[in-house]
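Sequence positions, counted from 1, serve as the residue numbers for this chain.
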Amino acid sequence: MITCFDIGGTTIKAATATGPDDLVALGRVPTPRDDFDAFAAAIAGLIEQGGAPTGSPISISVTGVVDPESGLTTVANIPCIDGRNLAGDLGARLGCQVLVANDADCFALAEAFAGAGRGHRVVFGAILGTGVGGGIVADGRLFRGGGGLSGEWGHGTAVATRVRVAPFDMPHLPCGCGLEGCVDTVGGARGIEKLHKHLHGADLPSTDIVTQWQSGDVQATQTLDLYVALVSLPLALTVNIVGPDIIPVGGGLGNAHGLVARLDVAVRGRILRKIDRPLVVPAQLTVDAGLTGAASLAFSEGVA
């Protein structure tokens, strides 16, 4: 048995697990953001509540970047663990082995072991939520690149400036990472809103734009046509580089009926590999993917 955690900026969720898809929820507690002692105590309390044997390993999905070489975490919205070797420090405090991976990687692991990627050798988990992220699982193991930044197809200047969808000239938008023209600037929910304003001068939430598109609204259709054209190009490039057998899509936009299917058709029309089945598919684990991914991390690493 292990105890697994999904740690966000506001909430820590926990469960015990005897397998990647055999979890018993322990509930949730507020995340202590500024006090590491309180943070460690919250983790310890949930472990005790779950009844895992003393010294049994724990596995954590966290919203941030984990450097696999130094162990240092970059978690801007939880200051008490930002810049800290979370696995080492927490393991020393609790007297157990600790595994940590970022939430996009854990999403990919969850889908590979218990979701749409089950049975596939190479899984690329793509997140289209507020922003854009991803993770790679190959042969049942998480691929951890240098600096812990593998799978980050959302960043780097990759967005086309000329497409076959109006407008023919698309400006590169500034990204929060400091670059311009990243997929993250157009591929997430905020990106759809920016595209709609660019095309039509209207400020609308992404949920309304998608709903209007699903109802056949002309302006929303133009926005989503442009979205698919801009996002499918870098996603197709990612496919050519990584070679995934399946791409489960998570995040809020992954739940938008019809949108993932549109992306799938566009991506399969732009890749070297010819495939006559869906490649880009909705994620199956829309609830507690972080906990399932954390459990999958432990079992795939052979510590549970």
message: Before you tell me yes or no, could you show the steps for S56 and M1 under side chain to side chain contact (heavy atoms under 4.5 Å, CB included), namely the whole-Å CA-CA distance, both residues' side-chain angles and the distance that decides it to 0.1 Å?
response: CA-CA 7 Å; S56 61; M1 178 189 290; 6.0 Å; no
I'd like to know if the side chain of [X] reaches the main chain of [Y], judged simply by a donor and an acceptor atom lying under 3.5 Å from each other, with no hydrogens or angles considered.
{"X": "N240", "Y": "L272", "result": "yes"}
{"X": "T185", "Y": "G181", "result": "no"}
{"X": "H120", "Y": "I246", "result": "no"}
{"X": "E193", "Y": "P205", "result": "no"}
{"X": "Q49", "Y": "L26", "result": "yes"}
{"X": "E111", "Y": "Q284", "result": "yes"}
{"X": "S59", "Y": "L297", "result": "no"}
{"X": "S61", "Y": "D6", "result": "no"}
{"X": "T73", "Y": "I81", "result": "yes"}
{"X": "H172", "Y": "T161", "result": "no"}

message: Show, in sequence, the C-alpha distance, side-chain angles and deciding distance for T10 and N77, and conclude whether the side chain to side chain contact (heavy atoms under 4.5 Å, CB included) test is met.
response: CA-CA 9 Å; T10 58; N77 59 348; over 6 Å; no
Take atom [atom1] of [X] as the centre, draw a 6.0 Å sphere, and report whether it contains more than 12 heavy atoms from other residues, nucleotides or ligands.
{"X": "R190", "atom1": "CZ", "result": "yes"}
{"X": "E48", "atom1": "CD", "result": "no"}
{"X": "R277", "atom1": "CZ", "result": "yes"}

field: Any pair counted as side chain to side chain donor-acceptor pair (under 3.5 Å), so long as it reaches residues 253-263, sequence neighbours left out
entry: D225-R262
- line: When every non-hydrogen atom of V132 is compared with those of G188, the smallest separation belongs to CG2-N, 3.7 Å
- prompt: Taking all non-hydrogen atoms of both residues, which atom of V123 and which atom of G117 are closest, and how far apart?
  reply: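 Heavy-atom minimum between the residues: CG2-O, 3.8 Å.
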Under the salt bridge (Lys or Arg N to Asp or Glu O under 4.0 Å) test, residues paired with [X] that sit two or more places apart:
{"X": "R270", "result": "none"}
{"X": "R33", "result": "none"}
{"X": "D245", "result": "R273"}

task: For S70, enumerate each residue passing the side chain to side chain contact (heavy atoms under 4.5 Å, CB included) test, keeping only those at least two apart in sequence or located in another chain.
output: D67, L72
- prompt: What residues, two or more places apart in sequence or in another chain, satisfy side chain to side chain contact (heavy atoms under 4.5 Å, CB included) together with A15?
  reply: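 Counting only residues at least two positions away or on another chain, A15 forms a side chain to side chain contact (heavy atoms under 4.5 Å, CB included) with C4, L23, L291.
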message: When you group the ILVMFWY residues by side-chain heavy-atom contacts below 4.5 Å and let the links chain together, are I275 and F124 in the same group?
response: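 Both belong to a single hydrophobic cluster.
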query: Any side-chain heavy atom of L235 within less than 4.5 Å of one from W153?
result: yes
message: Pair D37, R93 - check salt bridge (charged side-chain N to carboxylate O under 4.0 Å, His left out), show working.
response: CA-CA 9 Å; D37 289 337; R93 183 73 61 94; 2.8 Å; yes
message: So if I apply the side chain to side chain contact (heavy atoms under 4.5 Å, CB included) rule between C96 and each of I58, V303, L90, I2, which one comes out positive?
response: I58
